[in-house]
*Asks:* 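Quick one: this structure, given as structure tokens, is what I'll be asking you about.
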Amino acid sequence: MNTPLLSDDPDDPDALHEPDDRILKTLRTRRRGPVLTVELNVPERGNVVDEAMLDDLLSVLDDQDPSVRVLVLTAAGQDFCLGGDREEFAGHLAQDPTGNGIRVSGVKARRVCDALTSHPAVTIARVQGRAVGAGFALALACDLRVGADTATFRLPELALGLPTAWGGLLPRLISEVGAASVREFILTGRPLTAQEALGLSVLQRVVPEDALDAAVDKWARPLLRRSPPAVRVTKTLLNSLTASTRLADASVLDPELMAAVASEVHHMRTPR
């Protein structure tokens with residue numbers, strides 16, 4: 001499991017002790033003192049986001065233990081996350097062509113991304129391989145984002161006949177990156193390289209893949225030396241000021257938009 005390389009030396013004042021590992025259906029977590037690592041753990045499926053993963057993420061993120069000061073979101077295997085589970089998505093439509101299952105899933109997705117953004121701990125995304133769709137959104141919801149120099153980011157929703165409406169991604173993306181750049185790579189569907197992602201502030205740091213843990217550690221160490229109330233309040237202020245620059249955030253409509261478009265496309269493709 002990928003974890004920050006913080007010392008276990010008892011003479012090191014930054015050392016973190018008493019590992020606490022948990023295995024959920026789709027995640028693995030490891031607690032080392034004030035650092036909690038949450039690992040997407042379905043590598044054989046590219047860590048796709050399904051209902052089970054959303055439920056697991058909510059169960060971890062809703063438990064906002066104030067003693068957790070750094071939360072690292074990482075992933076097992078070659079890729080960070082290949083997006084939403086298309087088979088489950090199709091199953092929701094087959095079961096209810098009006099898209100109600102997609103609405104329910106969309107509400108959970110929004111809650112997960114909001115929980116990452118508003119979590120009292122500083123959240124760090126550690127990205128390797130491909131971050132597609134929902135995976136892009138999960139990484140972007142974190143405060144700090146480091147990626148391997150081979151990482152790529154892509155939003156393929158338009159090519160799939162769907163809007164870019166998952167987890168409140170679009171307003172976050174426009175706020176972090178800027179409307180013109182977002183418009184270009186969403187409409188074309190082309191992938192962003194790690195260096196492009198760095199230039200657009202999708203990533204704040206790019207390193208070789210074998211240096212990802214050290215990069216996370218380099219961020220985590222000084223954060224753990226800061227006053228916890230000061231860090232918590234500063235993060236809240238930053239989130240508040242960032243949100244105020246979004247003018248009208250219509251992402252609360254994401255589940256409805258996704259369900260409506262998916263239902264219409266399903267209806268058009270269904271033989272009569």
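These values consider heavy atoms only, across backbone and side chains, with no hydrogens, waters or symmetry-generated copies.
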*Asks:* Counting C-beta onward and ignoring hydrogens, is there a side-chain heavy-atom pair between M53 and L40 closer than 4.5 Å?
*Replies:*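 Yes - at least one pair of side-chain heavy atoms lies under 4.5 Å apart.
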
*Asks:* When you group the ILVMFWY residues by side-chain heavy-atom contacts below 4.5 Å and let the links chain together, are V48 and V127 in the same group?
*Replies:*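 Result: no, two separate clusters.
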
*Asks:* Kindly indicate whether the side chain of D55, heavy atoms from C-beta on, has any atom under 4.5 Å from the side chain of K108.
*Replies:*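 Of all side-chain heavy-atom pairs linking K108 with D55, at least one is under 4.5 Å.
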
*Asks:* For the pair Q95 (side chain) and G101 (backbone), establish whether a donor and an acceptor sit closer than 3.5 Å, ignoring hydrogens and angles.
*Replies:*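 Checking the backbone N and O of G101 against the side chain of Q95, no donor-acceptor pair under 3.5 Å is found.
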
*Asks:* Regarding S67 and R31, is there a side-chain donor-to-acceptor distance under 3.5 Å anywhere?
*Replies:*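 Note: S67 and R31 side chains meet the donor-acceptor criterion.
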
*Asks:* What do you reckon, is CD of E184 surrounded by more than 12 foreign heavy atoms closer than 6.0 Å?
*Replies:*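 Check passes, neighbour count above 12.
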
*Asks:* Counting only heavy atoms from other residues, nucleotides and ligands, does the tally under 6.0 Å from CZ of R190 exceed 12?
*Replies:*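 More than 12 within 6.0 Å, yes.
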
*Asks:* Taking C-beta and beyond as the side chain, do C113 and L169 meet within less than 4.5 Å on heavy atoms?
*Replies:*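 No - every pair of side-chain heavy atoms lies 4.5 Å or more apart.
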
*Asks:* What is the minimum heavy-atom distance between N47 and A75, and which atoms define it?
*Replies:*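 For N47 and A75, the tightest heavy-atom pair comes out as ND2-CB, 3.6 Å.
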
*Asks:* So with a 6.0 Å cut-off around NZ of K218, is the heavy-atom count from everything else above 12?
*Replies:*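 Atom NZ in K218 is not packed in, count stays at 12 or less.
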
*Asks:* Quick check on the hydrophobic clustering: are L187 and F185 connected, directly or via other members, by side-chain heavy-atom contacts under 4.5 Å?
*Replies:*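 The answer is yes; both residues are in one hydrophobic cluster.
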
*Asks:* Less than 4.5 Å apart, side chain to side chain, heavy atoms only: is that true for W166 and V49?
*Replies:*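 The answer is yes, as the side chains (C-beta and beyond) meet within the 4.5 Å cut-off.
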
*Asks:* Using modelled atom types only, decide if a donor and an acceptor are shared between the side chain of Q204 and the backbone of D143 within a distance under 3.5 Å.
*Replies:*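 It does hold such a pair.
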
*Asks:* From Q128 CD over to D210 CG, what is the distance, rounded to the nearest 0.5 angstrom?
*Replies:*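 Between atom CD of Q128 and atom CG of D210 there are 12.5 Å.
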
*Asks:* Do the side chains of R69 and V35 get nearer than 4.5 Å, heavy atoms only?
*Replies:*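 With C-beta onward as the side chain, the pair stays apart.
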
*Asks:* Using modelled atom types only, decide if a donor and an acceptor are shared between the side chain of K235 and the backbone of H119 within a distance under 3.5 Å.
*Replies:*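 Judged by distance alone, yes, a pair lies under 3.5 Å.
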
*Asks:* Got more than 12 heavy atoms from elsewhere within 6.0 Å of CD, Q78?
*Replies:*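 Open: at most 12 neighbouring heavy atoms sit under 6.0 Å from CD of Q78.
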
*Asks:* Would you say L36 and V72 make side-chain contact, with heavy atoms under 4.5 Å?
*Replies:*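 L36 does not reach V72 side chain to side chain.
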
*Asks:* Give the C-alpha distance, both sets of side-chain angles, the deciding distance and a yes or no for side-chain contact (heavy atoms from CB on, under 4.5 Å) between V38 and L27.
*Replies:* CA-CA 7 Å; V38 179; L27 306 176; 4.1 Å; yes

*Asks:* Hey, could you give me the OG1/CG distance between T26 and L24, rounded to the nearest 0.5 Å?
*Replies:*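 Rounded to the nearest 0.5 Å, the OG1-CG separation comes to 7.0 Å.
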
*Asks:* Give me the atom names and distance for the closest heavy-atom approach of L203 to A194.
*Replies:*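 So the two residues come closest at CD1-O, 4.0 Å.
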
*Asks:* List the steps and the verdict of side-chain contact (heavy atoms from CB on, under 4.5 Å) for T29 and E39.
*Replies:* CA-CA 6 Å; T29 68; E39 182 180 59; over 6 Å; no

*Asks:* For R172 and T117, which I'm curious about, is there any donor-acceptor pair between the side chains at under 3.5 Å?
*Replies:*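 A donor-acceptor contact under 3.5 Å links the two side chains.
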
*Asks:* Take R126 and D213 through the side-chain contact (heavy atoms from CB on, under 4.5 Å) test and state the conclusion after the steps.
*Replies:* CA-CA 8 Å; R126 177 195 180 281; D213 287 328; 3.0 Å; yes

*Asks:* Give me the atom names and distance for the closest heavy-atom approach of G168 to R110.
*Replies:*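 That closest heavy-atom pairing would be N-CD, 4.2 Å.
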
*Asks:* Grab the two heavy atoms, one from P120 and one from R232, that are nearest each other, plus how far apart they are.
*Replies:*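 Result for this residue pair: CB-CD, 4.1 Å.
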
*Asks:* Going through the distances and angles, do V107 and R103 end up as a side-chain contact (heavy atoms from CB on, under 4.5 Å)?
*Replies:* CA-CA 6 Å; V107 169; R103 290 185 188 90; 5.6 Å; no

*Asks:* Over 60° means perpendicular and under 30° means parallel, so tell me whether F136 and F153 are parallel, tilted or perpendicular.
*Replies:*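 Perpendicular: the ring planes of F136 and F153 meet at over 60°.
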
*Asks:* Would you say L73 and I124 make side-chain contact, with heavy atoms under 4.5 Å?
*Replies:*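 With C-beta onward as the side chain, the pair stays apart.
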
*Asks:* Go through the steps for D21 and R30 under the test salt bridge (Lys or Arg N to Asp or Glu O under 4.0 Å), then give the verdict.
*Replies:* CA-CA 4 Å; D21 298 352; R30 185 179 185 189; 3.7 Å; yes

*Asks:* Rounded to the nearest 0.5 Å, what separation is found between the CG atom of D62 and the CZ atom of R111?
*Replies:*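 Output value for this atom pair is 5.0 Å.
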
*Asks:* Is there a side-chain contact between V122 and L71, using heavy atoms and a 4.5 Å cut-off?
*Replies:*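 In short, these two side chains do not touch, never coming nearer than 4.5 Å.
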
*Asks:* Is the shortest distance from a Lys or Arg side-chain nitrogen in D85 or R45 to a carboxylate oxygen in the other one below 4.0 Å?
*Replies:*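 Yes.
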
*Asks:* Any chain of hydrophobic side-chain contacts (each under 4.5 Å) joining L158 to I174?
*Replies:*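 Cluster IDs for L158 and I174 match.
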
*Asks:* Donor-acceptor pair, distance only, cut-off 3.5 Å: does the side chain of S59 make one with the backbone of D56?
*Replies:*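 Looks like yes, one N/O pair under 3.5 Å.
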
*Asks:* According to a hydrophobic-cluster definition based on side-chain heavy atoms being under 4.5 Å apart (Ile, Leu, Val, Met, Phe, Trp, Tyr only), do L138 and L170 belong together?
*Replies:*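 Yes, L138 and L170 fall within the same hydrophobic cluster.
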
*Asks:* For P34 and L224, which heavy atoms make the closest approach, and how far apart are they?
*Replies:*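 Looking at all heavy atoms of both residues, the closest pair is CG-CD2, 3.7 Å.
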
*Asks:* Rounded at 0.5 Å granularity, tell me how far OG1 in T242 sits from CD in E176.
*Replies:*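 Nearest 0.5 Å value for the OG1-CD distance: 6.5 Å.
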
*Asks:* Please determine whether residues L192 and L198 belong to a single hydrophobic cluster, defined as Ile, Leu, Val, Met, Phe, Trp and Tyr linked transitively by side-chain heavy-atom distances below 4.5 Å.
*Replies:*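 Linked within one cluster.
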
*Asks:* Counting heavy atoms not belonging to I23, are there more than 12 under 6.0 Å from its CD1?
*Replies:*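 No.
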
*Asks:* If you measure from CG on L173 to CZ on R183, what distance do you get to the nearest 0.5 Å?
*Replies:*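 Reported value, rounded in 0.5 Å steps: 12.0 Å.
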
*Asks:* Hey, could you give me the CG/CD1 distance between L155 and I186, rounded to the nearest 0.5 Å?
*Replies:*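 One finds 5.5 Å between CG of L155 and CD1 of I186.
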
*Asks:* Which pair of heavy atoms, one from V202 and one from V177, lies closest together, and at what distance?
*Replies:*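 Scanning both residues completely, I find the closest heavy atoms to be CG2-CG2, 3.7 Å.
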
